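Some notes on the structure that comes next.
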Amino acid sequence: MYENSFPNKRYKKTMEFLEAHIDHSDKILDLGVENPFSKMMRNRDFNVHNTSGEDLDFNTKAVQTSTYNVVTAFEIFEHLVAPFNVLKNIKADKLVATVPLKLWFSSAYRSKTDMRDRHFHEFEDWQFDWLLEKAGWTIKSREKWTNPVNKLGFRPFLRYFTPRYYAIYAERT
């Protein structure tokens with residue numbers, strides 16, 4: 001994973017956002033299998049456990065436990081056909097999530113080799129806000145940031161000032 005393109009800026013911004021809103025004493029369920037970011041969370045002394053790789057469109061059992069008081073979902077909801085089902089079924093009181101924003105000048109991401117590494121959704125901020133609201137969440141904090149790439153061209157230029165990532169901290173209403 002990330003052989004030649006480790007997302008240093010995204011991870012730095014995400015960790016800053018997480019640390020601004022979540023206590024290290026909170027019990028966190030991180031949606032998705034263990035990954036470099038969940039390892040970073042553990043290295044920063046967060047009490048975090050990952051889901052097992054189940055298809056969350058069909059099986060939301062992992063989020064239906066009261067064992068955790070925080071659910072994190074970093075770059076997860078864009079891969080689901082029905083993220084509403086997961087969001088509605090979360091029993092934790094707090095949610096920290098990031099999603100890629102839809103770029104008008106770029107198509108949605110799709111890996112040609114990994115069926116699970118595709119974006120069904122790339123949200124506009126208002127769409128993600130609405131989804132959270134309908135699922136019973138109140139957004140308490142939000143942040144956006146860009147993701148410039150080291151390439152020449154019109155689209156790479158647009159990435160310098162067009163937000164690509166959207167982070168939210170929300171609480172159950």
Side-chain angles (χ1 to χ4, degrees), residues 1-56 59-80 83 86-87 90-101 103 108-111 113-123 125 128 131-132 137 139-151 159-160 162-172:
M1 180 178 252
Y2 304 126
E3 289 79 24
N4 297 315
S5 62
F6 194 80
N8 290 308
K9 180 181 180 181
R10 177 167 54 104
Y11 279 14
K12 180 181 181 291
K13 299 289 279 179
T14 303
M15 185 60 74
E16 289 169 355
F17 191 82
L18 180 68
E19 288 181 326
H21 299 290
I22 301 302
D23 293 329
H24 289 269
S25 61
D26 285 324
K27 292 183 76 175
I28 301 170
L29 176 64
D30 185 39
L31 301 186
V33 296
E34 184 174 277
N35 57 74
F37 192 79
S38 59
K39 289 177 186 175
M40 282 178 60
M41 290 167 63
R42 279 188 203 89
N43 289 340
R44 298 266 185 124
D45 294 323
F46 280 104
N47 180 3
V48 60
H49 296 87
N50 288 85
T51 54
S52 304
E54 62 271 35
D55 187 335
L56 295 170
N59 182 358
T60 63
K61 190 175 184 178
V63 300
Q64 294 179 32
T65 177
S66 57
T67 305
Y68 304 97
N69 56 319
V70 178
V71 167
T72 57
F74 302 117
E75 312 299 309
I76 295 296
F77 293 126
E78 67 273 14
H79 298 278
L80 300 177
V86 175
L87 288 164
I90 291 173
K91 296 297 182 227
D93 295 329
K94 302 174 191 172
L95 172 68
V96 179
T98 60
V99 293
L101 292 170
L103 299 176
Y109 173 74
R110 183 179 86 165
S111 169
T113 58
D114 184 352
M115 291 289 288
R116 296 187 84 172
D117 190 19
R118 296 178 175 181
H119 292 181
F120 190 81
H121 304 277
E122 286 190 351
F123 299 93
D125 56 357
F128 195 57
L131 175 64
L132 291 165
W137 295 94
I139 297 173
K140 300 294 186 176
S141 181
R142 53 175 59 87
E143 187 176 336
K144 296 182 205 175
W145 60 86
T146 61
N147 187 43
V149 294
N150 292 323
K151 295 180 182 178
R159 289 179 183 270
Y160 276 95
T162 305
R164 176 59 171 152
Y165 295 104
Y166 184 45
I168 62 90
Y169 166 65
E171 294 178 358
R172 181 61 76 189

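All residue numbers refer to positions in the sequence shown, counting from 1. All values reported here derive from a predicted model rather than from experimental measurement.
Side-chain contact between Ile28 and Tyr68 is absent, with no heavy atoms from C-beta onward closer than 4.5 Å. Side-chain atoms of Ser141 and Phe17, non-hydrogen and from C-beta on, do get closer than 4.5 Å to each other. At a threshold of 4.5 Å between non-hydrogen side-chain atoms, the residues Asn35 and Asp30 count as touching. Looking at Arg164 and Trp145, their side chains never come closer than 4.5 Å, going by heavy atoms from C-beta outward. Proximity of Val99 to Glu75: side-chain heavy atoms (C-beta onward) are nowhere separated by under 4.5 Å. The shortest side-chain heavy-atom distance between Lys27 and Val48 does not fall under the 4.5 Å cut-off.
A side-chain donor-acceptor contact under 3.5 Å links Thr51 to the backbone of Gly32. No donor-acceptor distance shorter than 3.5 angstrom exists from the side chain of Ser52 to the backbone of Glu54, with no hydrogens or angles considered. The closest donor-acceptor contact from the side chain of Asn69 to the backbone of Ala92 lies at 3.5 Å or more, if one exists at all. Put simply, the side chain of Asn47 never gets that close to the backbone of Asp45: no donor and acceptor are under 3.5 Å apart. A donor-acceptor contact shorter than 3.5 Å links the side chain of His24 to the backbone of Arg44. Judged by distance alone, the side chain of Thr65 and the main-chain N or O of Ala62 form no donor-acceptor pair under 3.5 Å. A donor-acceptor pair is defined here as one N or O able to donate and one able to accept, closer than 3.5 Å; no such pair exists between the side chain of Asp23 and the backbone of Asp26. Under the 3.5 Å distance criterion, the side-chain polar atoms of Arg10 are left unmatched by any main-chain donor or acceptor of Tyr165.
For Lys12, the NZ atom is loosely surrounded, since the number of other residues' heavy atoms within 6.0 Å does not exceed 12.
With rounding to the nearest 0.5 angstrom, the OG1 atom of Thr98 is 9.5 Å from the CZ atom of Phe77. If you take NE2 on His79 and CG on Asp55, they are separated by 12.0 Å, rounding to the nearest 0.5 Å. Considering OH of Tyr169 and NE2 of His21, their distance stands at 8.0 Å, rounded to 0.5 Å. Summarising the geometry, atom NZ belonging to Lys13 is positioned 12.0 Å from atom CG belonging to Asn147; distances are rounded to the nearest 0.5 Å. Atoms CZ and OG, from Phe74 and Ser38 in turn, are 10.0 Å apart once rounded to the nearest 0.5 Å. Note that the CD atom of Gln64 and the CG atom of Asn59 stand 8.5 Å from one another [nearest 0.5 Å].
Judged as a side chain to side chain donor-acceptor pair (under 3.5 Å), and not counting sequence neighbours, the contacts of Asp125 are Lys144. Annotation: side chain to side chain donor-acceptor pair (under 3.5 Å) contacts of Arg42 (sequence neighbours excluded): Glu34, Asn50. Applying the side chain to side chain donor-acceptor pair (under 3.5 Å) rule to Tyr166 yields the partners Asp129, Arg142; only residues at least two apart in sequence or on another chain are considered. Under the salt bridge (charged side-chain N to carboxylate O under 4.0 Å, His left out) criterion, Glu171 pairs with no residue, sequence neighbours left out. Applying the side chain to side chain donor-acceptor pair (under 3.5 Å) rule to Lys9 yields the partners Thr146; only residues at least two apart in sequence or on another chain are considered. By the side-chain contact (heavy atoms from CB on, under 4.5 Å) test, Met40 pairs with Tyr11, Met15, Phe37, sequence neighbours left out.
A cation-pi arrangement, defined by a distance under 6.0 Å to the six-membered ring centre and an angle within 45 degrees of its axis, is present between Arg172 and Trp137.
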**OP:** Please test Thr72 against Leu29 for side chain to side chain contact (heavy atoms under 4.5 Å, CB included), starting from the C-alpha separation and ending with a verdict.
**Re:** CA-CA 6 Å; Thr72 57; Leu29 176 64; over 6 Å; no

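Under the side chain to side chain contact (heavy atoms under 4.5 Å, CB included) rule, Leu95 has a single partner from Val70, Leu31, Leu132, Val63, which is Leu132.
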